[in-house]
Amino acid sequence: MGLFNSGSNQAYEQYLPVPPKKAFEALCQAVDSGSQFTLKEADDFALTAIFTSGISLATYGQRFNAQIVPSGDASSLRVTAVAKVGGSLFNAARAQKLVDAVFSGASDLLRPQARR
């Protein structure tokens with residue numbers, strides 16, 4: 001990664017032990033329920049979502065592409081983060097923090113269902 005991380009993508013992945021449709025519903029709900037993100041597009045056929053974050057003190061925000069990938073009876077949540085404007089030293093750290101919020105939000109919603 002370059003010093004200013006200009007224009008580079010960061011990819012993240014989390015395993016979810018639930019069927020893909022339930023994982024997609026939780027993803028959309030986790031993104032749409034908080035004030036950190038704006039859900040731009042959700043495709044329940046391809047199980048993809050596009051959402052953005054607003055500007056922060058150190059960044060101009062990020063764009064996120066998420067996809068639920070079926071894995072047997074379970075799912076994998078893949079998220080790619082791209083800075084809206086390159087050149088910020090803090091983009092990678094901010095993207096990691098926001099993706100962690102998506103992962104924990106989706107997991108928190110799914111955890112009671114997975115225990116049944």
Taking atom CD of Gln67 and atom CG of Leu77, what is their separation to the nearest 0.5 Å?
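The distance works out to 10.0 Å.
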Enter the distance from Thr38:OG1 to Arg63:CZ here, rounded to the nearest 0.5 Å.
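Rounded to the nearest 0.5 Å, the OG1-CZ separation comes to 12.5 Å.
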Nearest heavy atoms of Gly105 and Ala30, plus distance in Å:
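Closest pair (atom of Gly105, atom of Ala30, distance): C-CB, 3.8 Å.
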Are a donor atom and an acceptor atom from the side chains of Ser107 and Gln14 found within less than 3.5 Å of each other?
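Yes - a donor-acceptor pair under 3.5 Å links their side chains.
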Write down the atom of Asp43, the atom of Phe24, and the distance for their closest heavy-atom approach.
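Smallest heavy-atom distance, with atoms named: O-CZ, 3.5 Å.
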Hydrophobic clusters here meaning ILVMFWY residues chained together by side-chain heavy-atom distances under 4.5 Å, can you tell me if Val79 and Leu39 are in one?
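Yes, same cluster.
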Counting only N and O atoms by type, is there a donor-acceptor contact under 3.5 Å from the side chain of Ser71 to the main-chain atoms of Ser76?
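The answer is no, because no donor-acceptor pair under 3.5 Å joins these two groups.
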Kindly compute the distance separating CD (Gln29) from CG (Leu110), expressed to the nearest 0.5 Å.
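Output value for this atom pair is 9.0 Å.
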Please find the pair of heavy atoms, one from Cys28 and one from Ala42, that lie closest to each other, and give the distance.
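Smallest heavy-atom distance, with atoms named: SG-CB, 3.9 Å.
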Between Asp44 and Lys21, which heavy-atom pair has the shortest distance, and what is it?
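It is O-NZ, 2.8 Å.
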Hydrophobic cluster membership, with links at side-chain heavy-atom distances under 4.5 Å among I/L/V/M/F/W/Y: are Phe103 and Leu109 in one?
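Not linked; separate clusters.
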Using 30° and 60° as the class limits, which term best fits the ring planes of Phe37 and Phe51: parallel, tilted or perpendicular?
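Perpendicular.
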Examine the side chains of Ser53 and Gln36 and answer whether a donor and an acceptor come within less than 3.5 Å of each other.
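Judged by distance alone, the side chains do not pair up.
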Is a side-chain donor or acceptor of Ser75 paired with a backbone partner of Ile68 at a separation under 3.5 angstrom?
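Here the side-chain-to-backbone pair does not exist.
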Between CD1 of Ile50 and CZ of Phe64, what distance do you get to the nearest 0.5 Å?
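The distance works out to 12.5 Å.
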In Å, rounded to the nearest 0.5 Å, how long is the span from OG1 of Thr80 to CD of Gln62?
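The distance works out to 13.0 Å.
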Hey, quick one: are Leu98 and Tyr12 part of the same hydrophobic cluster, counting side-chain heavy atoms closer than 4.5 Å, chains of contacts allowed?
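Looking at the clustering, Tyr12 is in the same group as Leu98.
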Do the side chains of Gln10 and Gln96 get nearer than 4.5 Å, heavy atoms only?
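When only atoms from C-beta onward are counted, Gln10 and Gln96 do not touch, as no gap falls below 4.5 Å.
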